[in-house]
Amino acid sequence: MPELNAPQAQAAAHTEGPLLVFAGAGSGKTRVITFRIANLLSQHRVPPYRILAVTFTNKAAGELKARLEHLAGPEVTRDLWAGTFHSVCARLLRRYHDEAGLGPKFVIYDESDQKAVISRLLKERGLDDRRMPPRWVLSKIHAQKREGHGPGDLEAESGFDAEWLDLFRGYEKALRSSNAVDFEDLIVLAMRVAEDPNSAAGRDLRERFRYVLVDEFQDTNITQYRLVRALSASSRNLCVVGDDDQSIYRWRGADVRIIRGFRRDFPDAGVVKLEQNYRSSANIVKAALGVIAPALEREPKQLWTDAALGEPVRIRTVPNERDEAAYIVRTVRGELARGVDPKSIAVFYRVHAQSRVIEEALRAENVPYQIIGGMRFFERAEVKDLVAYLRLIDNPKSDADLLRVINVPARGIGDKTVDLVLAAAAERSLSAFEALSALVRENALSGAAKTKLRGFVELMQGLSAASVGLSPSELAGHVLEATGYRTRLREDDSAESDARLENLEELIGSIREYEEDAAGRSEPVSLSGWLERVSLVSAVDAAKDVPSISLMTVHAAKGLEFTTVILTGLEEETFPYRGMDSDGIDDLEEERRLAYVAVTRARERLFITHAESRTLFGRTQYKLASRFLRDLPDEAVAREGVQRTPYLPSTTGSFDDEYSPPPRPRAPAWQTAVDQARARMGTAQPGERVIDREAFDDLGDSVAIRPGDRVRHKQFGRGVVERVEHDGSVTVVARFPGHGSKRLRAEYLEPG
DNA sequence: TACAAGCGCCTTTTT
DNA sequence: GGCGCTTGTA
């Protein structure tokens, strides 16, 4: 068994009272957690069901259990509580559903279900969804719920839009009447039960766990924190593990201040810092330290390594995203050729939209890859349809599911009939299916609507009856038959329908997998169990164990490691990403931490690319190199290709800080163009950089845009470049017919 | 009522 | 560039 170093052993052995572990990237955190729990089980004889370990993905929980099984035996891991905040809460709420005001078979609404609820409410109220976009309404609702606020708490306060508040109220009501919860509810409802000083359930929950451990604690939000504080209230054995430098979920309510302030809340907390990195080569660690060093607020700590230098981090300048994709393919090929396992190779990007070009290139060259996350299997229409039927069987109150399938496949129940049903539901304070059944029972309808609706009620009753004797996968197959869904797709023999049928078969296959998996662990197999699981799978959980390289966002890469990492799109506005409302120092700080996470995933080789122009979301823009590239220490990197886009010299501060001129190499007059190019490339060690032929072909121009180029501008339309200036930012003087000559920043121009 | 084409929209990161 | 939605037509 491998030894633990001193701080690791300290963290594993400190079992009484609160403990805060700062675990630097690659510092062996997972081993510490595993040893700590193994220690509790075998040395301290703690029953496994009294230990709760909150992990960031369900996969991490599964791996933890597998390792513990290896160390302590299978009987132990079965009863251990390990999972994400959301899955642990779902499990608790199944048990305490009454106290939380839920039925036993509540469903979890995903983002599209939630949006459908809001859209419905907007329609009911006659509000314009362009003035009140569902996205915006929802994000405001979630922000409040994450703080633990309900609509009732906000009424007294001013400053809340009355229409929005009314939507918030309606949204909560709609979810409860559908016996549905959203992701925030899982946390908040569990928290409320656990914090309740008077209920038996509250006392029970606060007594239940002797040891509570939270991994990736830097990404915990306030309600999650309150929940684990309540769950560890009686024992005070709360151990939190995290790294403030890797906090990347501020946008969904995570608050780094919680980990930074832990010692304030628990003055007697033990504190351990794991600072030795065992994962990466010294050059990669140096690069990571360079990226994170300018961060404004950090817990004092110093990541170090005694690993060999290894290869330099390679920074590659490419003309555009297609060349970037070609470079990625070449690099992956090279890595495979030197014997790297494809599963140990990953390509990272900041936003999913960047993946398409890379995918196309990989596919064209027959390099096996898989996308982690992105447009997910469960978002496909046919898959959602079948899942909606299954959820409706499990929980007939779920309006979102009823509305989805009531006319799928088409059975002649149109919008008017649906509106009639919804009006009746609103009037009687019933769910849509209850109202629908009542209307049918009372014979309150006329003509076609009557027969069609009766047919639907009978169909659902039949399915519900069938569900009793069938396993979830058998039931899924039966649904496809009984609803005519399968027949409908078979009759239409287009390629698209075939693909849909295949997807549905895959879905049924995945239900079967769940059944086998649960049976193997002697867990009860139920439709509710499977539905809960599919609602809470993370991107990484869904990854297949196949010999392929992985493509993913940097967020999805958190907690993972790879021999070779290709980090793409290191350009201003792409990474650091600048969205419509990103602004200010906090967003930029989080982008920096995100870059730190990306760099620290690599064990042996890290390749970083940046493009001089990029087409994203259908718009082509000239790009400045990312400020983060400037923070990489020269001695750890090798810059490849002529770097023609200037770096931003100021790496800290907000997005809007003025671009000041970069330190321009003052070349003596006698220097040749080649020397100037070398000077522009920075101070990499001779021999460490690779300069390719093609990159030298257009020496003399130091930017990708030059006089004579045709360009397009949002306001001025098409024009021709007259002059290019590049002192810091790239400024272009261009003549636009009808507007004359204009001085413009290059990033506001597109090639035209 | 159902389908197809066409338009306009948006466009981070995720449980 | 893709998606969902609306519109128009059979």
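Scope of the values below: all heavy atoms of this structure, side chains included, with no hydrogens, waters or symmetry mates. Within every chain, numbering begins at 1; the chains are lettered A, B, ... in the order of the sequence lines, protein sequences first and strands thereafter.
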Legend entry - Most 5' of A:I248 and A:R411 on DNA chain B, judged by nearest nucleotide: A:R411
Legend entry - Atom pair distance, as rounded to whole Å: CZ in A:F348 and C1' in B:dT13: 14 Å
Legend entry - Face-to-face contact A:F617 to B:dT11 six-ring, under 5.5 Å, under 30°: no
Inset, instruction - Remember a base hit wins even if backbone is also touched, and classify A:F56 as base, sugar-phosphate or nothing at under 4.0 Å, heavy atoms. - result: nothing
Legend entry - Contact under 4.0 Å: A:S87 side-chain N or O vs B:dT15 OP1/OP2: no
Legend entry - Sub-4.5 Å side-chain heavy-atom contact between A:T553 and A:V351: no
Legend entry - 4.5 Å side-chain heavy-atom contact, A:E324 and A:I328: yes
Legend entry - Rounded interatomic separation in angstrom, taking OH from A:Y349 and C1' from B:dT12: 13 Å
Legend entry - Residue-phosphate contact under 4.0 Å: A:R135 side-chain N/O, B:dT12 OP1/OP2: yes
Inset, instruction - Would you indicate which nucleotide in B:dA2, B:dT15, B:dT13 comes nearest to any side-chain atom of A:N407? - result: B:dA2
Legend entry - Closest to the A:R488 side chain, choosing from B:dT13, B:dC3, B:dA2: B:dC3
Inset, instruction - Could you tell me whether the phosphate oxygens of B:dT14, OP1 or OP2, come under 4.0 Å of any side-chain nitrogen or oxygen in A:H352? - result: yes
Legend entry - A:N395 backbone acceptor or donor facing A:S398 side chain under 3.5 Å: no
Inset, instruction - For the side chain of A:R356, starting at C-beta, report the closest nucleotide among C:dG1, B:dT13, B:dT15. - result: C:dG1
Inset, instruction - Would you indicate whether the side-chain heavy atoms of A:R619 and A:T615 approach each other to under 4.5 Å? - result: no
Inset, instruction - Give a yes/no on whether any side-chain N or O of A:R619 is located under 4.0 angstrom from OP1 or OP2 of C:dG1. - result: no
Legend entry - Interatomic distance, A:W251 CH2 vs B:dT15 P [rounded to whole Å]: 8 Å
Inset, instruction - May I ask you to verify if any side-chain N or O of A:T84 is less than 4.0 angstrom from the OP1 or OP2 atom of B:dT15? - result: no
Inset, instruction - In whole angstrom, give the distance that lies between atom CZ of A:R380 and atom P of C:dG2. - result: 15 Å
Inset, instruction - Flag the pair A:R226 and A:E195 as a salt bridge only when some basic side-chain nitrogen lies within less than 4.0 angstrom of an acidic carboxylate oxygen. - result: yes
Inset, instruction - Using atom OH of A:Y249 as one end and atom C1' of B:dT15 as the other, report the distance to the nearest whole Å. - result: 9 Å
Inset, instruction - Describe the nucleic acid contact of A:A410 in one word from base, sugar-phosphate, nothing, applying a heavy-atom distance below 4.0 Å. - result: sugar-phosphate
Inset, instruction - When you get a sec, tell me which of B:dT15, B:dT13, B:dT11 is the closest nucleotide to the side chain of A:R252? - result: B:dT15
Legend entry - Integer angstrom distance from the C1' of C:dG4 to that of B:dT13: 22 Å
Legend entry - Separation of C:dG4 C1' from A:K384 NZ (nearest whole Å): 14 Å
Inset, instruction - Determine the contact category for A:R350: base if any of its heavy atoms lies under 4.0 Å from a base atom, sugar-phosphate if only primed atoms, P, OP1 or OP2 are that close, otherwise nothing. - result: base
Inset, instruction - Take the protein atom CG of A:L588 and the nucleotide atom C1' of B:dT13, then report the distance between them rounded to whole Å. - result: 15 Å
Inset, instruction - Let me know the distance between CD of A:E216 and C1' of B:dT14, rounded to the nearest Å. - result: 14 Å
Inset, instruction - Would you tell me whether A:K384 and A:S112 have side-chain atoms, one donor and one acceptor, within less than 3.5 Å of each other? - result: yes
